[in-house]
Every structure is written in C-alpha cells, then in structure tokens.
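These notes are about the structure you will find just below.
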There are 2 protein chains.
Amino acid sequence: MASEQSENYLKNIYKLSSGEGKVTTSSLSDKLQISPASVSEMIKKLAEEGTLTHTPYKGVELTDEGKKLALRIIRKHRLWEMFLVEVLHFRWDEIDDEAERFEHIMSDKMEDKIDHALGHPLIDPHGDPIPTKDGELKCPMSHPMSDVRAGSTVRVVRVSDSNSEMLQYVASIGISLNKEIHIKQKMNFDNSMLVKIDNNEFNISSIIASNIFVENV
Amino acid sequence: MASEQSENYLKNIYKLSSGEGKVTTSSLSDKLQISPASVSEMIKKLAEEGTLTHTPYKGVELTDEGKKLALRIIRKHRLWEMFLVEVLHFRWDEIDDEAERFEHIMSDKMEDKIDHALGHPLIDPHGDPIPTKDGELKCPMSHPMSDVRAGSTVRVVRVSDSNSEMLQYVASIGISLNKEIHIKQKMNFDNSMLVKIDNNEFNISSIIASNIFVENV
DNA sequence: AAATAAAATTAGGAATGCCTAAATTTAACT
DNA sequence: AGTTAAATTTAGGCATTCCTAATTTTATTT
Ligand SMILES: [Mn+2]
Ligand SMILES: [Mn+2]
Ligand SMILES: [Mn+2]
Ligand SMILES: [Mn+2]
C-alpha cells in the first residue's frame, strides 16, 4: 500500500510530466513545497517500490504501475471535487484543499458510489477531465484565452485550479464553465485583454487570461 | 493541532469513560489494538498537551478541552455515517470504517455543510446521538433488549455499531431503527429469546440481544 | 507479611518523512 | 579547457508513533 505522501508524489510527478517524460527533483520540490533533499530521498524509495524509474541527476519517470496509481488519485480528487460542488454546494474555489486530503482516504467502494451518484461525470468543476477507472484520460482540445485574437468569441471549457483567489475573482466577474466570452481588444503594452461577459466589459490581465482555457464558438 | 492518532485516543477515552471518570491503560490498549507500552507513551504526550490528566498507575481522565475535542470528533464521525447512508446509500454495516478515517480530515466548513444537507439530524444510522457543535450530548433513555420481559413489545432505538457482521445479520432478519419487536419467550438455558419481527419468528442470542437497545411501546 | 500475579511504565530500537549543511555532479560561461 | 554556478544527492539529525523486552508499581493470595 502506498502511503498518503507517496500518492502525492506520484500524482504530482504525473501532472508535471503531463503523462509522459522526465520530471526533475527541483520542479517536484517547488510543487510539493518540500526541500530538494527530501524529494531526492523519497524518489529513491518510490524507485525501490517500482512506481517510477530514477536516472540520478537526470530525473524520474513513472512506470506503468506508477501512472496507473497517479491517475487513480487524480480520478478520486476530481470526483470528490465534483461531489463537493454538486451535492454539498461548495464553490469551485473552496474545494481543492478538501479534495487534496480526501483523495487519499476515499475507498474504491466510495469512488464507485460517488461516480454513480453524479451520473459518471466526464469533467470536474474546473473543466479538468476525470480519468476512467482503468486509467484512460482524454484531454479535450482547448487553448489559453491569452492566445485568442481580438474580435473572436469563445466558450470557457476549463479554468486552472492552481489558485483559489484567481478562481474566486473570475467567478465574481461572471466567468464559469461554458460561458461565452467576446474578446473586444488586446492591449499591447501589457498583453491584457478587454472582454465582454454577459454584456459587462472587463479588463483581464494576461496572466489570468492564460489560466482560462477556451474553444472557438 | 491534534494529530489524527491523538484524536483517536481522545475519542476512545471519552467512549470508555462514558463521558466521566478514569480510563485504564489496558482498556485503551484493548480498544485501540495498540500495545500498552505505546498507549502509556501517548498518554504522557496528551497530558503535556493538556487534553487529559494522568495519575500514574491509576488511569487518565479527559480535561474539559479534551472532552470538547472528543465530542467534536464523535460529531463528525456520526454526521459522516449519516451522510453515507442517506446520500450515498451505504448500508449501516459498511460505514464505520469509512467514518473512522474521515472524522479526522473533515473540515469545520464541511461539518456544517453536511449537517445542513441532512437537516440537522439528532441521531446517526445506528441510533447513537450526534453531539451538538458546542459539545452537548443527550443520551436517550433505552435498555438492552436482553433485559426485556417475555410478553412485551418494544421499539428499536439503537443498535451497537461495534461489530459489522452483527449489524448485517440483524438487518437481514428485519431489524432496523424504530422497528417493533415482540418478545415471545425467554429461554432459560442460554438466555436467548424468541422474538417476532414483521410476523416472522427468530431466536436471538443473549449477546445479540444485549447489543440491541429498545424502549417500551 | 511475603510471595505471586497483573498492570503500567521505561528502555532501547525501528520505520516514515521531514530538515539543514556538506559533498558531488552537471551545466554554463569566459 | 578551466572556473563558477546550479542542481542533485548524501550525511547526520529530529519528530512521530509504533514495537518488544525489562523494570517498577499495585493488587491478590497464601
Ligand atoms: Mn493529496
Ligand atoms: Mn479541479
Ligand atoms: Mn478515527
Ligand atoms: Mn454509528
């Protein structure tokens, strides 16, 4: 049985590698807020357990078993986020911390019950795809709103869940999944954009725009 | 902040003392399935933290702060059990293990959301009272079915949640909360009882009968 | 009151998983 | 190519929380 912390390592290695390729000690250290020395030690243990391969000084890569475990944690995390929003009426900016702990203690039985209660959802409240039980993960095509040309209208399909304050802010100006946004103008001096949402106009910084993923409409 | 395991100690000390009085090292050791030596060590730490008082070789007693913490864990445990049954349709014999882990990671915000979603329930699926947020716990009057005289009819108000197999068995013969049971006969040679439930007759061992709590009807 | 049994505590040690500081390896720059 | 800087790993420690074995205290019997 993988410990709670092992599961966090595996999940974050998967995320940093986007499913494929090597991940460095320092990027993991940054993401987990754990010293590089401690990360290096844990990596050694995970390599012994067979969930990843380690090329010293070069980085780590998940084995098939490690990938499967990582996707299972991600599935539990996202199902739980969905449940918090749909059933307990949490806001999308309140759920990541709760799911971060719960993903590790959710039994397989509970995973099934929640999946069923929600009607087998395909995405979580931030638009992130929910892996299937056997580790399939389809990433829907989308691009950051910061890349969209002025004049076009787009639909929100995903918002990065990395920052709760940002989620709360974009919700407050009317942004939610599937919302249509019209890009009126792009400012050259700071790459911010002037957008129209529900007939209200807002200026959105390039950083925020790069956290909102859209498809053409 | 109390660790997960500290919380288990406090909760079980509370339960063993029924709210008041001293608890011995060995009874805790039995209940938690942890060696007496380890229990003795942990007790020393909890005494330093101020959640209990320890009289060496005599036993421990929760302080007011320890009692408050214990009741809060019990509240979270029972609310979560209720939620598992009412919302996710778990059976009453499947929920204790899940709640045992979840009681420690449930945030106060989530405690409130669940309490609200359930309409502020007063008892859990086994009939155990749910403490209020500020530590009030009313124990409804009831007595074990093993004490009931032959010929009387009683209503089930609580079933001990200590054994999952027993819970599953008593459910299979039709016993649930509020069910009426008629005591037809008490066997002297083994103290078992012949009872009538929904027009079916069953022989119930004295041990099982002592785990079912009833009120007169 | 002394011997024995039971309960509780202390001693010494193991596994996890974190840290800082030191050493090593790799990468980048004259 | 040689020096410096950055990334990584190793060394040595610490906090938790468990264990078994040994010791101490309390309770029970003769
Ligand atoms: Mn986590
Ligand atoms: Mn999410
Ligand atoms: Mn517990
Ligand atoms: Mn219960």
Side-chain angles (χ1 to χ4, degrees), chain A residues 1-17 21-62 66 69-70 73 97 100-105, chain B residues 1-17 21-62 66 69-70 73 97 100-105:
Chain A
M1 267 295 104
S3 75
E4 182 159 329
Q5 200 56 313
S6 303
E7 291 184 344
N8 279 331
Y9 275 84
L10 295 178
K11 186 182 78 165
N12 284 291
I13 290 166
Y14 182 92
K15 285 186 164 187
L16 286 170
S17 70
K22 286 218 183 74
V23 172
T24 63
T25 300
S26 46
S27 62
L28 250 183
S29 166
D30 274 3
K31 186 126 184 171
L32 294 168
Q33 298 282 58
I34 289 169
S35 76
S38 301
V39 170
S40 209
E41 270 180 332
M42 182 62 108
I43 279 171
K44 214 191 298 173
K45 260 174 226 151
L46 293 172
E48 275 161 25
E49 284 173 25
T51 47
L52 55 76
T53 56
H54 181 212
T55 319
Y57 294 100
K58 294 301 179 186
V60 297
E61 188 165 11
L62 294 180
L69 284 169
I73 308 299
D97 288 349
E100 194 56 51
R101 286 170 285 131
F102 198 70
E103 62 191 358
H104 311 292
I105 67 158
Chain B
M1 269 295 104
S3 75
E4 181 159 331
Q5 200 56 313
S6 302
E7 292 184 343
N8 280 331
Y9 276 82
L10 294 178
K11 185 183 78 165
N12 284 292
I13 289 167
Y14 183 92
K15 285 186 164 187
L16 286 170
S17 71
K22 287 220 182 73
V23 172
T24 63
T25 300
S26 48
S27 63
L28 250 183
S29 165
D30 275 3
K31 185 123 185 176
L32 294 168
Q33 298 282 59
I34 289 169
S35 75
S38 302
V39 170
S40 210
E41 269 180 332
M42 181 62 108
I43 279 172
K44 213 191 299 170
K45 259 174 226 151
L46 293 172
E48 275 161 25
E49 283 173 25
T51 48
L52 54 76
T53 55
H54 182 212
T55 318
Y57 293 99
K58 294 301 178 186
V60 297
E61 186 163 12
L62 293 181
L69 284 169
I73 308 299
D97 288 349
E100 195 55 51
R101 286 170 283 131
F102 198 70
E103 61 190 1
H104 310 292
I105 68 158

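Remember, predicted model here, so these are calculated numbers, not experimental data. In what follows, chains are A, B, ... by sequence order, proteins preceding strands, each numbered from 1.
Taking A/S6 as the reference, A/A2, A/S3, A/M42, A/L46 meet the side chain to side chain contact (heavy atoms under 4.5 Å, CB included) condition, with sequence neighbours excluded. Among residues two or more places apart in sequence or in another chain, the side chain to side chain donor-acceptor pair (under 3.5 Å) test is passed with A/E7 by A/H104. Not counting sequence neighbours, the partners of B/K58 by the side chain to side chain contact (heavy atoms under 4.5 Å, CB included) test are B/T55. Every residue was checked against the side chain to side chain donor-acceptor pair (under 3.5 Å) condition with A/H54, not counting sequence neighbours, and none meets it. In this structure A/S26 satisfies the side chain to side chain contact (heavy atoms under 4.5 Å, CB included) test together with A/T24, sequence neighbours excluded. Taking A/Y9 as the reference, nothing meets the ring pair (Phe, Tyr, Trp, His ring centres under 6.0 Å) condition, with sequence neighbours excluded. A search for salt bridge (Lys or Arg N to Asp or Glu O under 4.0 Å) contacts involving A/K11 returns A/E100, A/E103, not counting sequence neighbours. Taking A/L16 as the reference, A/V23, A/S27, A/L28, A/K31 meet the side chain to side chain contact (heavy atoms under 4.5 Å, CB included) condition, with sequence neighbours excluded.
Protein atom CG of B/N8 is 15 Å distant from nucleotide atom C1' of D/dT16, rounded to whole Å. For the pair B/E48 CD and D/dT17 C1', the computed distance is 15 Å after rounding to whole Å.
Contact detail for A/T25 and A/P36: the closest heavy-atom pair is CG2-O, 3.7 Å.
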At a cut-off of 3.5 Å, list every protein nitrogen or oxygen paired with a nitrogen or oxygen from nucleotides 22-24 of chain D, distance to 0.1 Å.
none

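Regarding contacts with the backbone of D/dT16, every side-chain N or O of B/Q5 stays at 4.0 angstrom or more from both OP1 and OP2.
Interface residues of residues 29-45 of chain B facing DNA chain D, ordered by number: B/I34, B/S35, B/A37, B/S38, B/E41, B/M42, B/K45; criterion, heavy-atom separation under 4.0 Å.
Among residue pairs with one or both ends in residues 35-54 of chain A, none qualify as salt bridge (Lys or Arg N to Asp or Glu O under 4.0 Å); sequence neighbours excluded.
When DNA chain C is scanned 5' to 3' for any atom under 4.0 Å from a heavy atom of chain B, the first and last hits are C/dA8 to C/dG12.
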